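Step one of this worksheet: look at the structure below.
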Amino acid sequence: MKAVRFDEYGGVDVLEVREVEDPVAGPGEVLVAVKATGINPGEIAIREGRLHERWPATFPSGEGTDLAGVVRALGAGVSAFAVGDEVLGWTEQRASHAELVVVGADQLTTKPTSVAWEVAGSLFVVGFAAYASVQAVAPQVGETVVVSAAAGGVGSVAVQLARRTGATVIGLASEPNHDWLRRHDVVPVTYGDGQAERIREATGGKIDAFIDTFGGGYVDMAIELGVTPQRINTIADFEAVQRLGVNGQGTHAIASAPLLAQLVGLVADGSLEIPIARTFPLDQVRDAYRELAARHSHGKIVLLP
């Protein structure tokens, strides 16, 4: 099979698509033929070595967490799925950027037929990061929550989940994304110089919670805006978690197949939109990550093996 590999930390040029041995499902595992697999900013940080102390790589390293595909084979003891089933899920082995992947049966759920492959294959990381972030700051009816990078992969999901709580949601984004935010009943505010004052104007100075999906000083800004550390969550600024005592809840804090089934159910019934910015064939993985690194995409970038 073809799979993404890299032999050392570095930029996109270390990524290669190689022919490697097909994986085999062991007891409790499922072999999935991957139809779609999302890419995420955390994978850039891991590949560049910036998260070596937290998540070291073993070389040659694969990559990728999100996945959706078709069950190809079952390991011993697996009865929840059958060969040919359409599924989505995740792997903890940095292995989904490939044509085949072995996944624990408890890390998969059935893909509704109405959900597109590229959406299903990119739901786990952003969906759970957004869900964990909203859960951590616990917005209530009548409160106001601000979300940074509100049109990005995680942010675009977080604003929708936050609105489902009944809170007023302020989304920081570039002006081309403001119409999308308005369509989802989110109040858009342009990010960049002067954004703190624009947030104050949009909220009347009443800000109850802040979700940071981008890093780069948003946690400090939230503190300056008067939000208490307990009502701030960041998935990007680990230093601020230690320094300021804010929440750092993310994808793996709540990972479970039943919750993934709930999220994809919201997608299937039209209650939740997962914007897809662009898709790339597996062989163009370097180009996909170049686009992701620019950090201007509205929604997810997805590989199609």
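Computed from a predicted structure; not experimentally measured. All values below were derived from every heavy atom in this structure, side-chain atoms included, with hydrogens, water molecules and symmetry-related copies excluded.
- Atom CZ of R72 has 12 or fewer neighbouring heavy atoms from other residues, nucleotides or ligands inside a 6.0 Å radius.
- The two residues P56 and R94 come nearest to each other via the heavy atoms O-NH1, 3.2 Å.
- Rounding to the nearest 0.5 Å places CD1 of I170 at 13.5 Å from OG of S148.
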Exercise for review: Verify side-chain hydrogen bond (donor to acceptor under 3.5 Å, both in side chains) between Q262 and Y131, making sure each step is shown before the conclusion.
Suggested key: CA-CA 11 Å; Q262 290 182 38; Y131 191 101; 5.0 Å; no
Exercise for review: Go through the steps to decide whether E63 and R47 satisfy the test salt bridge (Lys or Arg N to Asp or Glu O under 4.0 Å), and finish with yes or no.
Suggested key: CA-CA 9 Å; E63 67 174 9; R47 186 238 304 150; 5.0 Å; no
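- Side chains of V169 and V187 form no contact here, defined as non-hydrogen atoms less than 4.5 Å apart.
- With hydrogens and angles disregarded, a donor-acceptor distance shorter than 3.5 Å links the side chain of R198 to the backbone of T190.
- Nearest heavy atoms, R164 versus S271: NH1-CB, 3.6 Å.
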Review point. Given the rule in the salt bridge (Lys or Arg N to Asp or Glu O under 4.0 Å) test, do D7 and R18 qualify, once you have shown the distances and angles that lead to the verdict?
Key: CA-CA 12 Å; D7 296 323; R18 300 177 185 165; 2.4 Å; yes
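- Between D208 and K206 there is a salt bridge, since at least one side-chain N of the basic residue sits less than 4.0 Å from a carboxylate O of the acidic one.
- Between atom OG of residue S174 and atom OH of residue Y191 there is a gap of 5.5 Å, rounded to the nearest 0.5 Å.
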**Study point:** Full working for side-chain contact (heavy atoms from CB on, under 4.5 Å) between I211 and V134
**Key:** CA-CA 7 Å; I211 294 172; V134 174; 3.8 Å; yes
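- When all heavy atoms are compared, the tightest approach of Y289 to E43 is OH-OE1, 2.6 Å.
- Under a 3.5 Å cut-off, the side chain of S297 and the backbone N or O of L292 do not form any donor-acceptor pair.
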Exercise for review: Evaluate side-chain contact (heavy atoms from CB on, under 4.5 Å) for L31 paired with V24, printing each intermediate quantity in order.
Suggested key: CA-CA 7 Å; L31 178 67; V24 177; over 6 Å; no
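- Looking at heavy atoms from C-beta onward, V87 lies out of side-chain contact with K111 at the 4.5 angstrom threshold.
- Remark: side-chain polar atoms of H178 are paired, donor with acceptor, to backbone N or O of A173 under 3.5 angstrom.
- Linking Ile, Leu, Val, Met, Phe, Trp and Tyr residues whenever their side-chain heavy atoms come within less than 4.5 Å leaves M1 and V285 in two separate clusters.
- The closest donor-acceptor contact from the side chain of E8 to the backbone of F6 lies at 3.5 Å or more, if one exists at all.
- Atom CD of Q93 has 12 or fewer heavy atoms from other residues, nucleotides or ligands within 6.0 Å.
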Exercise for review: Show the numbers, then the answer: is there a side-chain contact (heavy atoms from CB on, under 4.5 Å) between I274 and L123?
Suggested key: CA-CA 7 Å; I274 308 299; L123 180 59; 3.7 Å; yes
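- Under the 4.0 Å criterion applied to side-chain N and carboxylate O atoms, D13 and R290 are assigned as salt-bridge partners.
- Put simply, the side chain of I276 reaches to within 4.5 Å of the side chain of V302, judged on heavy atoms.
- The salt bridge (Lys or Arg N to Asp or Glu O under 4.0 Å) pairs that include a residue from residues 212-238 are E143-R231, D220-R243, where partners are two or more places apart or lie in different chains.
- No hydrogens or angles considered: nothing links the side chains of W117 and E86 as a donor-acceptor pair under 3.5 Å.
- Taking hydrophobic clusters as Ile, Leu, Val, Met, Phe, Trp and Tyr residues chained together by side-chain heavy-atom distances below 4.5 Å, V20 shares a cluster with L100.
- Side-chain atoms of E291 and R278, non-hydrogen and from C-beta on, do get closer than 4.5 Å to each other.
- Counting heavy atoms from C-beta outward, K300 and D66 have side chains that approach closer than 4.5 Å.
- For the salt bridge (Lys or Arg N to Asp or Glu O under 4.0 Å) test, residues two or more places apart in sequence or in another chain that qualify with E48 are R50.
- Under the 4.5 Å side-chain contact rule for hydrophobic residues, V4 and L304 do not share a cluster.
- Between E197 and R200 there is a salt bridge, since at least one side-chain N of the basic residue sits less than 4.0 Å from a carboxylate O of the acidic one.
- When all heavy atoms of S156 and Q160 are compared, the closest pair comes out as O-NE2, 2.8 Å.
- Between D283 and K2 a salt bridge is recorded (basic side-chain N to carboxylate O distance below 4.0 Å).
- Side-chain atoms of V145 and T165, non-hydrogen and from C-beta on, never get closer than 4.5 Å to each other.
- In this structure, E239 places its CD atom where more than 12 heavy-atom neighbours from other residues, nucleotides or ligands lie under 6.0 Å away.
- Remark: side-chain polar atoms of R286 are paired, donor with acceptor, to backbone N or O of L15 under 3.5 angstrom.
- Put simply, F214 and L244 are part of the same group of oily side chains (I, L, V, M, F, W, Y) that touch within less than 4.5 Å, one to the next.
- Using a 4.5 Å heavy-atom cutoff, the side chains of T228 and I223 are not in contact.
- In this structure, the side chain of S96 engages the main chain of G64 through a donor-acceptor pair within 3.5 Å.
- Panel note: side chain S61, backbone A57; no donor-acceptor pair is recorded below 3.5 Å.
- Residues G127 and V157 share a closest heavy-atom pair of CA-CG1, 4.3 Å.
- Checking side-chain atoms of T251 against main-chain N and O of V125 turns up a donor-acceptor pair under 3.5 Å.
- In this structure, T91 and L67 have side chains that are in contact, with non-hydrogen atoms separated by less than 4.5 Å.
- The distance from the CD1 atom of I301 to the OG1 atom of T279 is 10.0 Å, given to the nearest 0.5 Å.
- What you find for F210 and V137 is that their closest heavy atoms are O-CG1, 3.8 Å.
- The distance from the CD atom of E118 to the CG atom of L303 is 12.5 Å, given to the nearest 0.5 Å.
- In the hydrophobic clustering of this structure, V14 groups with F59; members are Ile, Leu, Val, Met, Phe, Trp, Tyr whose side-chain heavy atoms approach within less than 4.5 Å, directly or through other members.
- Summarising the local packing, OH of Y218 is surrounded by more than 12 heavy atoms from other residues, nucleotides or ligands at distances under 6.0 Å.
- The main-chain N or O of T168 is never found under 3.5 Å from a side-chain atom of T144 such that the two would form a donor-acceptor pair.
- Listed by first and then second residue, the ring-ring contact (aromatic ring centres under 6.0 Å, His included) pairs involving residues 244-265 are F124-H252 (not counting sequence neighbours).
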Exercise for review: Mind running side-chain contact (heavy atoms from CB on, under 4.5 Å) on N247 and V241 for me, showing each step along the way?
Suggested key: CA-CA 6 Å; N247 297 296; V241 173; over 6 Å; no
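- For the atom pair CZ (R54) and CG (L51), the distance works out to 7.0 Å, reported to the nearest 0.5 Å.
- Considering OG of S256 and CH2 of W90, their distance stands at 6.0 Å, rounded to 0.5 Å.
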